[in-house]
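Quantities reported herein were computed from a predicted structural model and do not represent experimental measurements.
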Amino acid sequence: MAKYTFEEIKNLLLKSINENRIEAELKLIFEDKSYEYMIIIYDDHCSFQRCGSLEEQSREYSFKTLDLLYKAKLVDDIVLERDWNKIKKFDCMDFEMLGYW
């Protein structure tokens, strides 16, 4: 089971951009995927992508809100709403620097 709920992560991402003006990059590691994935928060949208070498990376999929991203079918058939409990690790240097965790 994921260490944080989507609502907790959503609140931290929004806090980082709205209060601290930091475009936080949150890495997600799933128990059933061999790649790392990333959510990035921006002033006017958010994105999701697969990380890795140039050949492994996906394009950045943009969404108007984190809620839309959460419900969307993403790269590698990930749907965060369905697959959230498969996340085994969250990593975000920005959250660490801001003292969020």
Side-chain angles (χ1 to χ4, degrees):
M1 188 157 126
K3 183 175 181 177
Y4 300 96
T5 67
F6 171 70
E7 286 300 317
E8 290 170 323
I9 291 297
K10 179 175 129 178
N11 289 335
L12 293 175
L13 287 166
L14 292 173
K15 182 178 178 180
S16 73
I17 195 67
N18 292 331
E19 294 179 18
N20 300 103
R21 312 306 306 154
I22 303 288
E23 295 176 348
E25 298 180 349
L26 172 71
K27 285 188 181 178
L28 308 173
I29 300 170
F30 292 83
E31 62 190 29
D32 63 341
K33 305 285 184 193
S34 57
Y35 297 105
E36 290 184 355
Y37 300 85
M38 185 180 294
I39 296 173
I40 305 172
I41 189 74
Y42 299 99
D43 278 331
D44 60 349
H45 72 286
C46 57
S47 70
F48 185 87
Q49 66 190 63
R50 180 180 56 225
C51 304
S53 68
L54 285 177
E55 298 80 26
E56 296 169 333
Q57 294 173 7
S58 70
R59 68 176 181 86
E60 201 170 331
Y61 295 87
S62 294
F63 297 88
K64 188 69 177 159
T65 68
L66 289 164
D67 289 322
L68 291 173
L69 184 154
Y70 182 67
K71 294 174 185 276
K73 185 173 182 179
L74 304 165
V75 64
D76 297 335
D77 192 37
I78 293 171
V79 178
L80 292 175
E81 184 175 41
R82 177 194 69 207
D83 299 325
W84 193 262
N85 284 330
K86 295 178 182 175
I87 299 172
K88 67 178 182 179
K89 184 176 179 188
F90 296 87
D91 187 26
C92 184
M93 183 70 70
D94 301 304
F95 287 3
E96 289 179 28
M97 290 187 325
L98 293 167
Y100 293 175
W101 62 36

Is any side-chain heavy atom of Asp43 less than 4.5 Å from a side-chain heavy atom of Arg21? yes

Please answer whether the main-chain N or O of Asp91 pairs with a side-chain N or O of Trp101 as donor and acceptor at a distance below 3.5 Å. no

When you compare the side chain of Leu68 with that of His45, does any pair of heavy atoms fall below 4.5 Å? no

Shortest non-hydrogen pair, Asp83 vs Ile78, comes out as OD2-CA, 3.5 Å

Backbone of Gly52 reached by a side-chain donor or acceptor of Gln57 within 3.5 Å: yes

Can you give me the closest heavy-atom contact between Val75 and Tyr61, atom names plus distance? CB-CE1, 3.9 Å

Under a 4.0 Å N-O cut-off, is there an ion pair linking Asp76 with Arg50? yes

Quick check on the 6.0 Å ring-centre criterion: do Phe30 and Tyr37 meet it? yes

Between the side chains of Lys88 and Glu31, is the shortest nitrogen-to-carboxylate-oxygen separation below 4.0 Å, so that they form an ion pair? no

Contact between Asn20 and Tyr100 at the side-chain level, heavy atoms closer than 4.5 Å - yes or no? yes

Can you confirm whether Leu28 sits close enough to Ile39 that some side-chain heavy atom of one is under 4.5 Å from a side-chain heavy atom of the other? yes

Nearest-0.5 Å distance that lies between atom CZ in Phe6 and atom CG in Leu66: 5.5 Å

Heavy-atom check, side chain of Trp84 versus side chain of Tyr70, under 4.5 Å: yes

With a 4.5 Å heavy-atom cut-off, do Ser16 and Asp94 have their side chains touching? no

Does a donor on one side chain and an acceptor on the other come within less than 3.5 Å for Ser53 and Glu55? yes

Interatomic distance, SG@Cys46 vs CD@Glu23, rounded to 0.5 Å, equals 12.0 Å

Do the side chains of Phe90 and Ile41 join up, straight or via other hydrophobic residues, at under 4.5 Å, putting them in one cluster? yes

Basic-acidic side-chain contact under 4.0 Å: Lys71, Asp67: no

Would you give the length of the straight line joining atom CD of Glu25 to atom CG of Leu13, rounded to the nearest 0.5 angstrom? 11.0 Å

